[in-house]
Each structure stands twice: as C-alpha cells, then as structure tokens.
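What's counted below: heavy atoms across the whole structure, side chains too, no hydrogens, waters or symmetry copies.
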Amino acid sequence: MKSGDMLLYANFDKPQPYWSMGQDNRKTINKNGVGVTVASIDANSWRFYDKNKVFLWQFIFSNSDTNATWVATLGSDGYITFYTLESGTSNNDSPTKIPADSCSRPQACDPYQICGSNNCQCPSALAADLRVLWSLQMLEMALVISPLGLLRPL
C-alpha cells in the first residue's frame with residue numbers, strides 16, 4: 001500500500017505500478033477517507049479501511065459461497081486470484097482476476113509480441129520479417145553439402 005492506495009508493482013530495476021485499487025472501476029464502495037491502511041478479506045469481498053477504520057472500498061470477487069474461507073494469491077503471471085480453502089475442490093474458486101485486463105500485467109506476452117485487446121500478437125512489421133526468416137531457415141534445413149562440396153536439396 002502506498003499513498004493511501006493498494007498498488008501492484010512490476011519488479012523491474014525501477015519498480016513500476018501496473019494496477020491500482022483506487023483506479024479499478026469494479027470496486028463497489030468508494031468513500032472519502034484518509035487513505036487505505038488496512039485490507040482484509042471478509043466473506044466474498046476484499047475490504048479496504050483507512051487508519052480510523054473507516055470502510056472505504058469494497059471489491060466483491062465472488063457471488064458464490066459467502067461462508068467459505070477465501071484467500072488471495074499473487075501468481076507469477078502477475079494476477080491476484082481468489083480461492084476457497086474448502087477441501088480439495090476448485091468449483092467455488094472465483095473467476096475474478098486482478099487486473100481485469102490481461103494486457104495490464106508486466107510481461108503479459110512472450111518476447112517480440114505486443115498485447116492489445118486482451119491477447120498477444122506479433123506486430124505486423126515484425127510478422128513479415130519473421131515469415132522471411134522462417135522461410136530462409138526452412139530452405140537452409142533443406143540443403144545439405146554433398147561429398148563433393150556441392151549444395152543439393154534433400
């Protein structure tokens with residue numbers, strides 16, 4: 001938590017925020033207060049309070065079992081996901097992820113891809129270059145050197 005907000009940071013040399021609860025439009029309660037100092041999971045929502053215990057924000061992550069014990073985890077993929085601690089079942093795990101837009105996560109795509117409209121794609125200029133490179137690699141693999149030193153197709 002920083003400056004009264006809940007933030008997720010990418011762990012680069014210079015940490016960069018990539019999500020803010022204050023900016024997330026899925027929160028259901030938005031009251032003015034001193035700033036977030038405490039966060040807790042209560043029933044099926046994540047609740048945020050200021051230093052005077054004023055209830056500022058609520059983020060409902062599931063419409064299912066409000067009596068379950070929930071946990072939030074930050075995965076290596078950059079998402080916060082919510083799980084129930086019920087014995088051996090994943091039926092009630094929440095489909096809600098933070099951030100909502102997969103492109104908002106650090107390293108959402110493999111190298112040489114860009115993220116847009118929630119999916120990864122190769123930039124069109126790079127895609128053309130990669131097709132040429134792939135064609136050359138396939139041609140190179142199809143040629144072998146004969147015992148006389150001449151190139152011939154396989």
Candidate pair Cys120 and Cys115, rule disulfide bond (SG atoms under 2.5 Å apart), full reasoning: CA-CA 4 Å; Cys120 297; Cys115 195; 4.6 Å; no
Residue pair [X] / [Y], side-chain heavy-atom distance below 4.5 Å:
X: Thr69; Y: Thr84; result: no
X: Phe82; Y: Val71; result: no
X: Leu85; Y: Trp70; result: no
X: Phe61; Y: Ile98; result: no
X: Ile80; Y: Lys97; result: no

Pairing residues for Tyr49 by the ring pair (Phe, Tyr, Trp, His ring centres under 6.0 Å) criterion, not counting sequence neighbours: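 In terms of ring pair (Phe, Tyr, Trp, His ring centres under 6.0 Å), with neighbours along the sequence ignored, Tyr49 is linked to Phe55.
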Asn118 (side chain) donor-acceptor with Asp101 (main chain) under 3.5 angstrom: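 No; judged by distance alone, with no hydrogens or angles, the pair does not exist.
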Test item: Thr28 side-chain N/O and Phe59 main-chain N/O as donor-acceptor pair under 3.5 Å: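 Between the backbone of Phe59 and the side chain of Thr28 there is no qualifying donor-acceptor contact (under 3.5 Å).
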Whether Trp46 and Trp19 hold their rings parallel, tilted or perpendicular, with breakpoints at 30° and 60°: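 Geometry flag for Trp19 against Trp46: parallel rings.
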Qualifying salt bridge (Lys or Arg N to Asp or Glu O under 4.0 Å) pairs with a residue from residues 45-57, counting only residues at least two apart or across chains: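 Salt bridge (Lys or Arg N to Asp or Glu O under 4.0 Å) check on residues 45-57 returns Asp42-Arg47.
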Least distance between heavy atoms, Pro99 atom then Tyr18 atom: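 Nearest heavy atoms, Pro99 then Tyr18: CD-CE1, 4.1 Å.
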Tyr79 six-ring face occupied by Arg105 cation (under 6.0 Å, within 45°):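 Ring-cation test returns yes.
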